[in-house]
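No hydrogens, no waters, no symmetry mates; every other heavy atom, side chains included, goes into these values. Numbers restart at 1 for each chain; the letters A, B, ... are given by sequence-line order, proteins then strands.
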Number of protein chains: 2
Amino acid sequence: MRLGEGVEWTLHCCLTLGWLETDEPVSTAKLAATFDLPPAYLNKRLQTLVRAGVLSSTPGARGGFRLARPPEKITLMEIVAATEGAEYAFRCTEIRQKGAGAERPAHEFQRQCVITTAMRKAELAWRRELASQTLADMLAAAPVAAAERTRDWFDRVG
Amino acid sequence: MRLGEGVEWTLHCCLTLGWLETDEPVSTAKLAATFDLPPAYLNKRLQTLVRAGVLSSTPGARGGFRLARPPEKITLMEIVAATEGAEYAFRCTEIRQKGAGAERPAHEFQRQCVITTAMRKAELAWRRELASQTLADMLAAAPVAAAERTRDWFDRVG
DNA sequence: CCGAACCTGGACATGTAATATCCGGATTAT
DNA sequence: ATAATCCGGATATTACATGTCCAGGTTCGG
Ligand code: SF4
Ligand code: SF4
């Protein structure tokens with residue numbers, strides 16, 4: 001099991017947007033330069049965050065992205081779900097109904113089996129943990145120097 | 001993020017081996033037939049469980065697989081980690097050290113950043129949940145009819 | 001002792017999803 | 001008007017999971 005790199009990218013971008021206390025939107029190009037990422041593809045991931053309501057975008061010259069809400073109202077779960085999809089990591093393909101189970105009537109399989117129950121329980125614990133942490137929490141936990149350096153860098157590259 | 005189908009396969013196989021209270025090893029061919037899975041590939045996944053110490057195998061005619069330990073001593077975490085790998089789902093590629101961070105000395109990045117900390121915390125909750133559930137728990141939670149049907153089927157196919 | 005039924009592991013083929021690039025269209029500041 | 005920027009479809013590339021095949025070893029039963 002592996003989370004896509006996009007998650008790392010979008011989390012970093014949200015953190016960066018939180019550190020820059022400006023109201024100005026930040027363009028894909030600048031964010032991509034900040035982390036040395038492919039601009040076109042990063043833009044796609046940012047778009048998904050816009051659709052998910054985490055970011056808001058302004059088109060046109062001097063346009064870009066900004067947080068759609070204050071950081072206290074953005075959970076890590078939202079960011080992760082937006083970039084990685086909201087589906088469960090464990091997806092049952094009902095193999096119990098194949099082979100030995102194929103001879104039995106379908107109504108026997110209505111109830112969710114113990115495997116799905118167990119896996120889902122674990123996944124809910126994961127989600128609960130991510131939902132309990134907000135972007136504001138991360139901003140507060142990070143060393144202040146990191147925020148300052150980010151602001152400095154964005155000042156310099158204009 | 002998505003768990004491979006192998007997890008579903010191996011969990012089902014372990015459950016099946018737990019239901020058959022026999023001491024006889026069960027061959028890959030029988031397990032594959034039970035769930036209509038590709039035998040050669042299923043065998044590979046079972047081999048990884050053997051290496052992980054979850055199953056034990058006996059070669060030769062009338063050989064096959066059996067649980068290496070009583071079900072009370074086998075956690076879901078072991079089975080999942082064995083088939084899916086023990087690495088973390090979120091893997092940091094240190095993009096903070098690229099772009100804006102490239103100009104700064106490496107020693108500034110020794111400490112784990114807030115993103116990794118947060119993601120790891122969630123993942124540990126997931127693992128803890130999986131580690132807290134044993135194969136015996138699942139065997140007990142499943143309806144007795146399921147166990148009986150499994151035994152019946154294995155009796156019939158010999 | 002022989003052959004059939006098994007596991008083991010390497011090499012290879014296939015399929016699918018994530019990553020990455022490209023482009024034409026729409027919107028906005030200067 | 002021009003340049004900067006977001007939007008999203010089409011397409012290419014890459015990585016990885018899935019799947020097949022085969023050439024070894026074991027063990028059982030005759
Ligand atoms: S029995 Fe459970 S794990 Fe297996 S296929 Fe059905 S729902 Fe999925
Ligand atoms: S800053 Fe954190 S999330 Fe980003 S690359 Fe480094 S460890 Fe990973």
Student: Of all the choices, C:dA29, C:dT19, D:dC7, which nucleotide is nearest to the side chain of A:Ser57 once you look at every atom?
Tutor: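 That would be D:dC7.
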Student: Is the centre of the B:Trp19 ring less than 6.0 Å from the centre of the B:Phe154 ring?
Tutor: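 Ring centres of B:Phe154 and B:Trp19 not closer than 6.0 Å.
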Student: Can you check whether B:Arg2 has a side-chain N or O nearer than 4.0 Å to OP1 or OP2 of C:dA18?
Tutor: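 Negative; the distance criterion is not met.
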Student: Can you confirm whether A:Met119 sits close enough to B:Leu3 that some side-chain heavy atom of one is under 4.5 Å from a side-chain heavy atom of the other?
Tutor: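 Answer yes - side chains close enough.
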Student: May I have the distance from B:Leu49 (atom CG) to C:dC7 (atom C1'), rounded to whole angstrom?
Tutor: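 After rounding, the reported distance stands at 14 Å.
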Student: So, OP1 or OP2 of C:dC7: does either fall under 4.0 Å of a side-chain N or O from B:Thr28?
Tutor: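 So the side chain of B:Thr28 is within the cut-off, an N or O lying under 4.0 Å from OP1 or OP2 of C:dC7.
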Student: Please state how far atom CZ in B:Arg51 lies from atom P in C:dG10, giving the value in whole angstrom units.
Tutor: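 Spelled out: CZ on B:Arg51 to P on C:dG10 is 8 Å.
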Student: With the side chain of B:Ala40 defined as its heavy atoms from C-beta on, choose the nearest nucleotide among C:dG9, D:dC7, D:dC21.
Tutor: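 Selected nucleotide: D:dC21.
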Student: Compare the minimum distances between each of D:dG19, D:dT5, C:dT8 and the side chain of B:Pro38, then state the nucleotide with the smallest one.
Tutor: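 Closest nucleotide among those given: D:dG19.
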Student: Using whole Å, what does the distance between atom P of nucleotide D:dA17 and atom CD of B:Glu84 come to?
Tutor: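 For the pair B:Glu84 CD and D:dA17 P, the rounded distance is 7 Å.
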Student: Thinking salt bridges, do B:Arg127 and B:Glu129 make one under a 4.0 Å N-O criterion?
Tutor: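 Not counted as a salt bridge, because no side-chain N and carboxylate O are separated by less than 4.0 Å.
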Student: A:Glu24 CD to D:dC6 P: how many Å, rounded?
Tutor: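 Rounding to the nearest Å, CD of A:Glu24 and P of D:dC6 are 13 Å apart.
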Student: Is it true that B:Glu84 and B:Arg2 have a side-chain N and a carboxylate O under 4.0 angstrom from each other?
Tutor: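 So B:Glu84 does not pair with B:Arg2 through a salt bridge.
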Student: Go through C:dC7, C:dA4, D:dA17 for me and flag the one nearest to the B:Tyr41 side chain.
Tutor: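 Between C:dC7, C:dA4, D:dA17, the one nearest the side chain of B:Tyr41 would be D:dA17.
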Student: Between atom CG in B:Leu3 and atom P in D:dA17, what is the gap in whole Å?
Tutor: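 Distance check: B:Leu3 CG to D:dA17 P gives 11 Å.
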Student: Among the candidates C:dA29, D:dT18, C:dC7, find the nucleotide nearest to the side-chain atoms of B:Pro59.
Tutor: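 Closest nucleotide to the B:Pro59 side chain: C:dC7.
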Student: Closest approach to the side chain of B:Trp9, judged atom by atom: which nucleotide of D:dG19, C:dC6, D:dG9 is it?
Tutor: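 The closest nucleotide is D:dG19.
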Student: Would you say a side-chain N or O of A:Arg45 is under 4.0 Å from OP1 or OP2 of C:dT19?
Tutor: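 A:Arg45 to C:dT19 OP1/OP2: side-chain N or O found under 4.0 Å.
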Student: In whole angstrom, what separates B:Phe35's CZ from D:dT18's P?
Tutor: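 From B:Phe35 CZ to D:dT18 P: 17 Å.
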Student: Using the closest heavy atom to pick a nucleotide of DNA chain D for each, name whichever of B:Arg91 or A:Gly63 lands nearer the 5' end.
Tutor: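 Comparing both residues, the 5'-ward one is A:Gly63.
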Student: Could you give the CD-to-C1' distance, from B:Gln47 to D:dG25, as a whole number of Å?
Tutor: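 Between C1' of D:dG25 and CD of B:Gln47: 12 Å.
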Student: Looking for any heavy atom pair under 4.0 Å, which part of the strands does A:Gly60 touch: base, sugar-phosphate only, or nothing?
Tutor: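 If one applies the 4.0 Å heavy-atom cut-off, A:Gly60 turns out to touch a base.
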Student: Determine, for B:Glu24 against B:Arg62, whether the closest basic-nitrogen to carboxylate-oxygen distance falls under 4.0 angstrom.
Tutor: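 Salt bridge present between B:Glu24 and B:Arg62.
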Student: Do the side chains of A:Glu123 and A:Lys121 get close enough for a salt bridge, i.e. N-O under 4.0 angstrom?
Tutor: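 A:Lys121 and A:Glu123: not salt-bridged.
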Student: Please report, rounded to the nearest Å, how far the C1' atom of D:dT26 is from the CZ atom of B:Arg62.
Tutor: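 Answer to the nearest Å: 15 Å.
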Student: Which of the following nucleotides, D:dG8, D:dC7, C:dA29, is nearest to the side chain of A:Ala61?
Tutor: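 Among the listed nucleotides, the one closest to the side chain of A:Ala61 is C:dA29.
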Student: For B:Asn43 and A:Lys44, find the nucleotide of DNA chain C closest to each by heavy atoms; which residue's nucleotide sits nearer the 5' end?
Tutor: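 Result: B:Asn43.
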